[in-house]
Amino acid sequence: MTDNGASYGLIDNGAVAVRGGRIAWIGASDAIPADHADLETEQLDGRLVTPALIDCHTHIVAGGNRANEFEMRLNGASYEEVARAGGGIVSTVTATRAASEDELLAAALPRVDQLIGEGVSVVEVKSGYGLDVETELRMLRVARRIEQTRNIRVRTSFLGAHAIPPEYKDRPDAYIGEVCIPALEQAAAEGLADAVDGFCESIAFTPEQISRVFEAARRLGLPVKLHAEQLTDQGGAKLAASYGALSVDHLEYVGEDGVAAMKDAGSVAVMLPGAFYTLRETQLPPIDLFRKHSLPMAVATDCNPGSSPLSSLLTSMNMACTLFRMTPEEVLAGATRIAAQALGLSDVGMIKPGFRADLAVWNVESPAELAYRIAFNPLQRRIMASKSSKET
């Protein structure tokens with residue numbers, strides 16, 4: 001996935017040298033340098049090798065599920081009727097607050113395992129279903145425990161500004177000051193947050209309220225990202241760009257001024273086709289506008305109990321092609337090199353000297369097959385730097 005002039009950066013009949021869990025060299029297999037001649041050799045029989053995949057936007061730690069609401073809606077219940085029955089984000093908040101760390105971890109691991117089984121080496125995990133100090137911190141502690149329990153790298157995002165909890169109904173400013181920012185400060189003090197996220201939308205928080213959270217993040221030295229322009233254009237993309245956001249996610253309703261601001265700030269646009277599909281949205285993100293401004297596009301699952309109960313990054317890649325008309329090369333870059341950029345990581349996402357030897361080996365003939373097939377996993381094996389004790 002480097003720019004070597006070939007499609008996908010593909011090297012036909014290539015070889016990768018690994019020393020100490022890092023890429024030492026990459027090139028044609030008939031041109032291996034003499035200083036790597038001592039390495040043990042393993043043949044992969046013509047399989048495709050790519051950087052391991054990266055899921056840069058998930059809500060994978062959460063209590064309960066919302067299958068009942070899914071069924072209610074399909075049987076004709078309105079959004080209001082679902083909400084009166086205790087549905088919506090309130091139901092996930094209630095279930096998450098009631099769950100212990102061990103219970104939240106046990107619920108998250110099957111979803112993590114599915115991602116690992118598709119060649120994912122890095123997953124971003126957000127809080128945001130606690131909406132009180134105690135539960136927000138509990139979610140972030142569980143996210144850290146995933147990395148201790150599974151051979152996967154975890155990046156955490158504090159998402160206290162996700163929704164307004166029932167006890168603060170009609171008092172969002174009070175919630176930001178009394179709960180969200182204190183929880184953020186404590187999360188930072190405990191080293192639980194790698195970034196700070198928010199939801200800037202007509203049904204969530206205003207740009208002014210998000211600015212208060214981002215100012216706190218700036219004081220704490222934490223980078224920011226933002227859910228924005230999913231349902232309406234609230235100016236969230238421009239706001240996030242003004243804080244040098246790592247990424248702005250969703251973006252179905254973003255305008256050209258927001259796209260230009262993101263490009264100038266070096267922000268990544270994260271495409272989340274699972275939510276678009278589940279919510280049966282009709283407003284497509286402006287992919288051609290992103291291309292016009294050379295704005296990098298990542299692709300992620302948005303795995304969450306409500307709007308995107310999806311834990312397959314390969315399916316997200318297919319959806320981004322089929323629904324959003326991205327190309328197979330764009331979505332593979334979006335799930336590797338650009339996803340790493342969206343998380344502020346500079347040592348993964350490409351097969352490049354000095355990078356971690358986080359690799360995926362696939363039983364496919366061409367890279368396009370990774371996005372072409374639906375509900376099919378061609379992974380032969382995943383190689384992780386942390387487990388690459390031998391040199392090859």
A.B. asks: What distance do Leu314 atom CG and Glu118 atom CD have between them, rounded to the nearest 0.5 Å?
C.D. replies: 4.0 Å

A.B. asks: Looking at residues at least two apart in the chain, or sitting in another chain, which of them share a side-chain contact (heavy atoms from CB on, under 4.5 Å) with Asp45?
C.D. replies: Gln43, Arg47

A.B. asks: Under 3.5 Å, sequence neighbours excluded: what are the donor-acceptor pairs made by side chains of residues 239-246?
C.D. replies:
residue	atom	partner	partner atom	Å
Ser242	OG	Leu239	O	2.5
Tyr243	OH	Glu215	OE2	2.8

A.B. asks: Evaluate whether atom CD of Glu71 has more than 12 neighbouring non-hydrogen atoms of other residues, nucleotides or ligands under 6.0 angstrom away.
C.D. replies: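 Not buried by this count: 12 neighbours or fewer within 6.0 Å.
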
A.B. asks: Determine, stepwise, if the pair Lys225 / Asp249 fulfils salt bridge (charged side-chain N to carboxylate O under 4.0 Å, His left out).
C.D. replies: CA-CA 8 Å; Lys225 45 209 300 112; Asp249 305 26; 5.1 Å; no

A.B. asks: Does Arg141 form a side-chain contact (heavy atoms from CB on, under 4.5 Å) with Leu137? I'd like the steps, not just the answer.
C.D. replies: CA-CA 6 Å; Arg141 293 188 189 107; Leu137 296 176; 3.8 Å; yes

A.B. asks: What pairs of residues pass the ring-ring contact (aromatic ring centres under 6.0 Å, His included) test when at least one of them lies in residues 343-382, not counting sequence neighbours?
C.D. replies: none

A.B. asks: May I ask you to decide whether Arg145 forms a salt bridge with Asp102, counting only side-chain N to carboxylate O separations under 4.0 Å?
C.D. replies: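 Yes, charged N to carboxylate O under 4.0 Å.
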
A.B. asks: Give, for atom CG of Asp358 and atom CD1 of Ile383, the distance between the pair rounded to the nearest 0.5 Å.
C.D. replies: 9.5 Å

A.B. asks: Take Asp347 and Arg153 through the salt bridge (charged side-chain N to carboxylate O under 4.0 Å, His left out) test and state the conclusion after the steps.
C.D. replies: CA-CA 12 Å; Asp347 60 351; Arg153 193 174 178 184; 3.1 Å; yes

A.B. asks: Could you check His162 against His227 for side chain to side chain donor-acceptor pair (under 3.5 Å), going step by step and ending with a plain yes or no?
C.D. replies: CA-CA 9 Å; His162 189 198; His227 296 59; 5.2 Å; no

A.B. asks: Any chance you could pull the hydrophobic cluster mates of Leu159, using side-chain heavy atoms under 4.5 angstrom and chaining through other members?
C.D. replies: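 None; Leu159 is a cluster of one.
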
A.B. asks: Sequence neighbours excluded, which residues qualify as ring-ring contact (aromatic ring centres under 6.0 Å, His included) partners of Tyr168?
C.D. replies: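 ring-ring contact (aromatic ring centres under 6.0 Å, His included) check on Tyr168 returns Tyr175.
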
A.B. asks: Drop me the distance from Asp302's CG to Leu272's CG, to the nearest 0.5 angstrom.
C.D. replies: 4.5 Å

A.B. asks: Would you give the length of the straight line joining atom CD of Glu185 to atom SG of Cys180, rounded to the nearest 0.5 angstrom?
C.D. replies: 10.0 Å

A.B. asks: Sequence neighbours left out, what pairs pass side chain to side chain donor-acceptor pair (under 3.5 Å) with at least one residue falling in residues 279-293?
C.D. replies: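 The answer is Glu256-Lys292, Glu256-His293, Asp288-Arg291, Arg291-Glu330.
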
